[in-house]
> 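Questions regarding the structure given below will be posed in turn.
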Amino acid sequence: MTALSLQSPVAAMKGVGERLAERLARLGIERVEDLLFHLPLRYQDRSRLSALGGLRPQQEVLVQGRVTHAEIVVRRRRALLVRIADTSGQITLRFFHFGSTQRQHLVPGQWVRAFGEVRPGLAGLEMVHPEYRVLVEADDEPLERTLTPVYPTTEGVGQATLRRLIGLARAYGGLHEWLSESQLPEALRYGLGEALSLLHTPPVDVDTVALMDGRHPAQRRLAFEELVAHQLGMARLRAQARAEPAPPLPVPTAEDLSRRFVSNLPFVLTDAQCRVIDEIATDLACPHPMLRLVQGDVGSGKTVVAMAACLQAVAGGFQAALMAPTELLAEQHYRNAEGWLAPLDVRVVWLSGRLREAQRSEVLAELEDGRASMVVGTHALFQDTVRFARLGLVVIDEQHRFGVHQRLALREKAIAGGLYPHQLVMTATPIPRTLAMTAYADLDYSVIDELPPGRKPVVTVAIPDTRRPEVVERIHAAVERGQQVYWVCTLIEESEVLQCETAEATHALLTEALPGIAVGLVHGRLRAAEKEAVMRAFKEGALDLLVATTVIEVGVDVPNASLMVVENAERLGLAQLHQLRGRVGRGATASSCVLLYHPPLGETARRRLQVMRKTQDGFEVARHDLEIRGPGELLGTRQTGLAHLRVADMVRDGDLIPAALDTAHVLAAEAPAATDALIRRWVSGGIRYAQV
Ligand code: ADP
Ligand code: MG
């Protein structure tokens, strides 16, 4: 029999049968070492006794006293009530489930030690179902000498089992340090074993504040290692994806579709657009899939960049698919694409979930036999019934709405003749660079860091909704000057029905308040054709004022619109406000954005509105957003696979990211064994997830 090591499967451990091993696997614990890295969620302090007289509700404490009274009461539910007292006071222990032995033990005079959460009860403070022990004498049992870890559990694997198994695993020894001292930041030269020891059994004099905040050096040491491992895992994923075959699409020459499209545009591309188009063109010419993220603030002109890429694919004899997160945006992209591509004789079709069956099958047939060179649509493009003759490029607009796994699913399904399509992801969600490098580490990264010339800054004001009549007056004046206006209705409720009703009511009110002004309405519950008609009327100037729900948040482009009013702006997050505001300031007229709020303002809302007034730079906005909200919400944790970070937190530990990236580069180049081991130790689950 081979000796057990940290790398042995948990099933090899004493007392771990097949069933338990299966359950442990649900916690990501497969090998003995995984137990060591199953870290506590929080800690309990059972190292000292709290006086019964000084307890407050919500405290989780260890107490001790003598039973003064015990009885079974039957009110709504039968319960055993046991009152214990010490010299300072008393508390009631309440049990709903109890056996006769328990009743026999908990009799007056008996010493009891209990651990649980203090709650207010009908007759003073209580603990419901505390963990307890009957003592022979007051000092019968020694107190814990460390804080007690509380681990993430799963059905059938409780705290006690985990504590026992982790204790066993810690006795194995042979834990490998994959990071040499010089690879750790100076402040974090903490031994791995020492760090784990501290986290599994913190001494009672540990800096508990730092520990609870995740800022203890032992945690930072592990966070650093995890960030390194995460980076290595993502890099591997990326290397795997890039090793697949993809159609090489020749870089366009002057005669090619892509160049002709660009020269037909009524404007000159910005340097940033040209640079990014070139970066993409070079990628597409390679026989391996491009995986590139293009980040560009709202209004930076990402659509034409995407279109140029699509045309490179078409010129190379392949199809391109452009996918948008909302029907409205997909529709708009389709209209644009049609306008641009018809003169070039390129056939583009439109696919949404709302097409009628006959139209839909026609579109599907055209994609399958290759008559259509390009398709624009919503996530309907993901469906299994959609087959492509020779898909060469997938463009996903406004990536933050799609998850990594959806992106990968599309890639998989689109393999044609063994070739993977190239992938371009576009997002306006500005995220700080280090964060982007961590979150999107499987993608290359381009930035359009320049707006088209002539854009005027959007003046932003925040006004209490008590001054709504003034705002309505302002709309009047703007329309008289030939400007167009958005009025955005928001509701915090997820209920689309309510949102739409509110928008309808506002539409009626504004129509009445603004005679002679053409007011339109668009919301999510209109039929596709209705939405399209309203948007077209607004774009063509037949409507002066468009009342809308947040359906217009992403991508909508009507350059003549130069005033936006956002109702209940205090309810929206910064990213959303920034996206919304990006709908104005697209033309040559000076634009403004009025953020109507309902007083009184909470602290967070006040900070957000202040950021909006002060800056229009998406990266600035994102920096503040990150401070206010944290990256999980910013990126949508589930969507990025970031949920798999166990110790590290991208904001709190953000300062460690650059050094972690450096260390990861060195390891990837020089230490394949360490790379494998670190990925296995920290991220195997995450990587598997990302490979869906
Ligand atoms: P976003 O990056 O937010 O998706 P769009 O692609 O919708 O931005 O572009 C915003 C507007 O700017 C569109 O009306 C587009 O036609 C226009 N535009 C794009 N590039 C330029 C440019 N280089 N010069 C002038 N206008 C441009
Ligand atoms: Mg866009």
Side-chain angles (χ1 to χ4, degrees), residues 258-259 261-280 292-311 322-341 376-378 395-402 424-431 445-458 484 486 535-536 538-541 550-562 564 575-589 591 593 616-619 621-622:
S258 175
R259 290 292 145 97
F261 155 70
V262 168
S263 54
N264 285 350
L265 288 171
F267 45 75
V268 179
L269 295 183
T270 62
D271 289 346
Q273 284 171 314
C274 291
R275 177 175 41 78
V276 174
I277 288 178
D278 286 346
E279 285 167 2
I280 295 169
R292 185 171 286 276
L293 174 73
V294 171
Q295 217 178 70
D297 209 344
V298 279
S300 61
K302 293 183 289 296
T303 317
V304 293
V305 170
M307 209 51 77
C310 290
L311 287 171
L322 170 59
M323 181 160 50
T326 65
E327 190 125 340
L328 207 62
L329 182 52
E331 176 76 40
Q332 174 186 289
H333 280 331
Y334 173 63
R335 297 275 156 237
N336 282 336
E338 237 189 351
W340 286 322
L341 303 193
V376 181
T378 56
V395 181
I396 301 177
D397 195 14
E398 302 298 351
Q399 129 87 17
H400 62 293
R401 298 291 178 104
F402 291 108
L424 180 64
V425 175
M426 303 199 296
T427 178
T429 308
I431 52 175
Y445 180 64
S446 300
V447 195
I448 309 183
D449 50 6
E450 184 184 354
L451 292 178
R455 294 278 164 85
K456 302 247 172 38
V458 179
Q484 287 176 284
Y486 291 104
M535 288 313 293
R536 191 172 328 119
F538 190 57
K539 194 150 195 162
E540 286 167 357
T550 47
V551 290
I552 61 148
E553 175 186 346
V554 278
V556 169
D557 182 44
V558 181
N560 192 48
S562 56
M564 167 171 283
Q576 207 175 6
L577 286 169
H578 182 69
Q579 278 283 346
L580 276 172
R581 181 173 59 182
R583 303 307 117 217
V584 292
R586 295 183 160 238
T589 347
S591 296
C593 177
Q616 205 183 328
D617 175 342
F619 284 89
V621 172

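Each ligand, and each atom within it, is numbered from 1 in the order the structure gives.
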> Please classify the Thr303 to ligand 1 contact at 4.0 Å (heavy-atom distances, strictly less than): side chain, backbone, both or neither.
both

> Answer yes or no: is there an ion pair linking Arg275 with Asp449, defined by an N-O contact shorter than 4.0 Å?
yes

> In ligand 1, which numbered atoms sit nearer than 4.0 Å to a non-hydrogen atom of Val268?
22 (C), 23 (N), 24 (N)

> State whether Arg586 and Asp557 are salt-bridged, where the test is any N-O pair (Lys NZ or Arg NE/NH1/NH2 against Asp/Glu carboxylate O) under 4.0 Å.
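Yes, charged N to carboxylate O under 4.0 Å.
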
> Under 3.5 Å, N or O to N or O, is Gly301 touching ligand 1 that way?
yes

> I'd like to check which ligand 1 atoms, numbered from 1 as shown, lie under 4.0 Å from a non-hydrogen atom of Thr270.
23 (N)

> Against ligand 1, does Ala428 come closer than 4.0 Å with any heavy atom?
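No, Ala428 has no heavy atom closer than 4.0 Å to ligand 1.
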
> Please confirm whether Gly299 comes within less than 3.5 Å of ligand 1 when only nitrogen or oxygen atoms on both sides are compared.
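Gly299 vs ligand 1: N/O contact under 3.5 Å present.
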
> Asn264 versus Trp340: any side-chain heavy-atom pair under 4.5 Å?
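SC-SC contact between Asn264 and Trp340 ruled out.
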
> Only heavy atoms of Val298, strictly under 4.0 Å: list the atoms of ligand 1 that pass.
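In order of numbering, the contacting atoms are 3 (O).
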
> Using modelled atom types only, decide if a donor and an acceptor are shared between the side chain of Arg335 and the backbone of Arg536 within a distance under 3.5 Å.
no

> Considering only heavy atoms from C-beta outward, does the side chain of Leu311 approach that of Leu341 to under 4.5 Å?
yes

> Quick one: does any side-chain atom of Thr270 pair with a main-chain N or O of Pro452 as donor and acceptor, under 3.5 Å?
no

> Does only the side chain of Met426 get under 4.0 Å from ligand 1, or the backbone, or both, or neither? Count heavy atoms.
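Contact part for Met426 vs ligand 1: neither.
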
> Give the atoms of ligand 1, by number and element, whose distance to some non-hydrogen atom of Leu269 is under 4.0 Å.
23 (N)

> Does only the side chain of Arg455 get under 4.0 Å from ligand 1, or the backbone, or both, or neither? Count heavy atoms.
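Contact part for Arg455 vs ligand 1: side chain (C-beta onward).
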
> With the side chain counted from C-beta on, respond yes when Arg583 and Val298 share a heavy-atom pair under 4.5 Å apart, and no when they do not.
yes

